[in-house]
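No hydrogens, no waters, no symmetry mates; every other heavy atom, side chains included, goes into these values.
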Amino acid sequence: MKQINFGQWFRTESKEKISYVIRDGGNYLHDFVYFGSYINDAECFIKQIKLKNGIMTIPIERARWEIFDGTNLLTINSIITVSNVSDYFFHFPKEIFALDSLEIRDFYPDNDTGNIVIANNVTRFKIIIIIKKNKEAIISLKDI
């Protein structure tokens, strides 16, 4: 899969919706960083997360950093989709347990386990996404 031109899609005036898939192989870690720039500061609606038939959907409202002009930061509803998921769990302090949404600050692969982590180290919450054995996660972002 061809990499989106970072310069063309980030720091642009185009309000076109984003549809992005993290590539596998040698581009995997690079694409994680790029993907993370799209979802940094996104609001994750934790009670709406679904896992069905190995496909996890995570609804978010993300800041449109790619078109930020220094004064107006727009937002858009999006879906993060992760395939080849066997399970997931939350880890967070009890004082934020009852919240409906949480802000995403970090998104990374756990190199020791092959799992995916969505986190906010300030509030100390994590969503650990467990990837099926001998499978690689297929991760995408789609604005809706």
Side-chain angles (χ1 to χ4, degrees), residues 1-68 73-144:
M1 179 184 301
K2 186 177 177 190
Q3 170 67 24
I4 293 175
N5 179 331
F6 186 85
Q8 176 186 350
W9 289 99
F10 232 81
R11 311 251 194 292
T12 182
E13 293 178 6
S14 171
K15 293 192 170 124
E16 196 173 318
K17 292 179 178 181
I18 301 296
S19 181
Y20 185 75
V21 178
I22 292 180
R23 299 171 294 168
D24 60 1
N27 299 307
Y28 190 68
L29 292 177
H30 173 271
D31 286 7
F32 253 92
V33 173
Y34 185 70
F35 190 95
S37 64
Y38 280 119
I39 64 169
N40 186 52
D41 298 332
E43 184 176 4
C44 173
F45 302 104
I46 57 176
K47 293 182 178 179
Q48 296 176 22
I49 293 173
K50 291 183 174 57
L51 175 60
K52 184 176 181 179
N53 298 323
I55 299 172
M56 183 175 189
T57 55
I58 306 165
I60 63 171
E61 180 181 41
R62 68 177 192 87
R64 299 218 51 203
W65 289 110
E66 70 275 11
I67 59 173
F68 181 53
L73 183 58
L74 303 174
T75 61
I76 191 166
N77 289 322
S78 305
I79 299 284
I80 299 171
T81 303
V82 184
S83 297
N84 294 323
V85 175
S86 63
D87 205 355
Y88 69 98
F89 63 92
F90 298 100
H91 172 80
F92 44 81
K94 67 180 179 181
E95 58 267 18
I96 65 170
F97 181 74
L99 296 178
D100 291 333
S101 65
L102 294 166
E103 182 181 16
I104 296 172
R105 290 287 178 95
D106 301 297
F107 178 76
Y108 56 91
D110 181 329
N111 294 327
D112 294 332
T113 64
N115 297 329
I116 308 300
V117 179
I118 298 175
N120 183 320
N121 291 330
V122 174
T123 59
R124 300 184 331 267
F125 98 86
K126 287 183 182 178
I127 303 170
I128 312 296
I129 304 170
I130 301 173
I131 304 304
K132 293 178 181 178
K133 267 195 180 316
N134 302 317
K135 296 283 187 175
E136 192 166 286
I138 300 169
I139 304 162
S140 65
L141 173 71
K142 185 169 180 68
D143 291 342
I144 51 176

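The two atoms that bring Ala137 and Tyr28 nearest to each other are CB-OH, 4.0 Å, heavy atoms only. Nearest heavy-atom pair, Cys44 versus Ile60, reported as atom, atom and distance to 0.1 Å: CA-CG2, 4.0 Å. Residue Ser86 comes nearest to Leu51 through the heavy atom pair O-CD2, 4.0 Å, listed as atom of the first residue, atom of the second, then distance. Shortest non-hydrogen contact noted between Ile18 and Arg64 is CG1-NH2, 4.4 Å. Minimum interatomic distance between Ser78 and Ile144 (heavy atoms only, all atoms of both residues): N-CG1, 4.0 Å.
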Checking Ile49 against Phe90 for the side chain to side chain contact (heavy atoms under 4.5 Å, CB included) test, could you report, in this order, the C-alpha distance in whole Å, the side-chain angles of both residues, the deciding distance, and whether it holds? CA-CA 11 Å; Ile49 293 173; Phe90 298 100; 4.0 Å; yes
Is there a side chain to side chain contact (heavy atoms under 4.5 Å, CB included) between Lys142 and Thr81 once you walk through the steps? CA-CA 8 Å; Lys142 185 169 180 68; Thr81 303; over 6 Å; no
Worked check of side chain to side chain contact (heavy atoms under 4.5 Å, CB included) between Leu102 and Asn120: CA-CA 8 Å; Leu102 294 166; Asn120 183 320; over 6 Å; no
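Put simply, the residue from Ile80, Val117, Ile58 that forms a side-chain contact (heavy atoms from CB on, under 4.5 Å) with Ile129 is Ile58. Between Arg105 and the choices Asn121, Asp41, Thr123, the side-chain hydrogen bond (donor to acceptor under 3.5 Å, both in side chains) rule is met once, by Asp41.
Counting only distance, with no hydrogens or angles, the side chain of Asp31 and the backbone of Arg23 share a donor-acceptor pair below 3.5 Å. At least one donor-acceptor pair closer than 3.5 Å links the side chain of Asn115 to the backbone N or O of Ile131.
For Lys135, the NZ atom counts as loosely surrounded, since its 6.0 Å shell holds 12 or fewer non-hydrogen atoms of other residues, nucleotides or ligands.
In this structure, OH in Tyr20 is found 10.0 Å from CG in Leu141, a value given to the nearest 0.5 Å. Rounded to the nearest 0.5 Å, atoms CD1 (Ile139) and CD1 (Ile116) are 4.0 Å apart. Distance CD1/Ile127 to NE2/His91: 12.5 Å, rounded to 0.5 Å. Here the straight-line distance linking atom CD of Glu103 with atom CG of Asn40 works out to 7.5 Å at 0.5 Å rounding. Here the straight-line distance linking atom CD1 of Ile130 with atom OG1 of Thr113 works out to 8.0 Å at 0.5 Å rounding. Note: Ile39 CD1 to Trp65 CH2 = 14.0 Å, rounded to the nearest 0.5 Å.
Ring geometry for Tyr34 against His30 counts as parallel: the plane angle stays under 30°, on a 0 to 90° scale with 60° as the upper cut.
Between Phe32 and Phe107, the distance from one ring center to the other falls under 6.0 angstrom.
Residue pairs meeting the salt bridge (charged side-chain N to carboxylate O under 4.0 Å, His left out) criterion with at least one partner in residues 53-63, sequence neighbours excluded, are Arg62-Glu66, Arg62-Asp143.
Using a 4.5 Å heavy-atom cutoff, the side chains of Pro109 and Leu29 are in contact.
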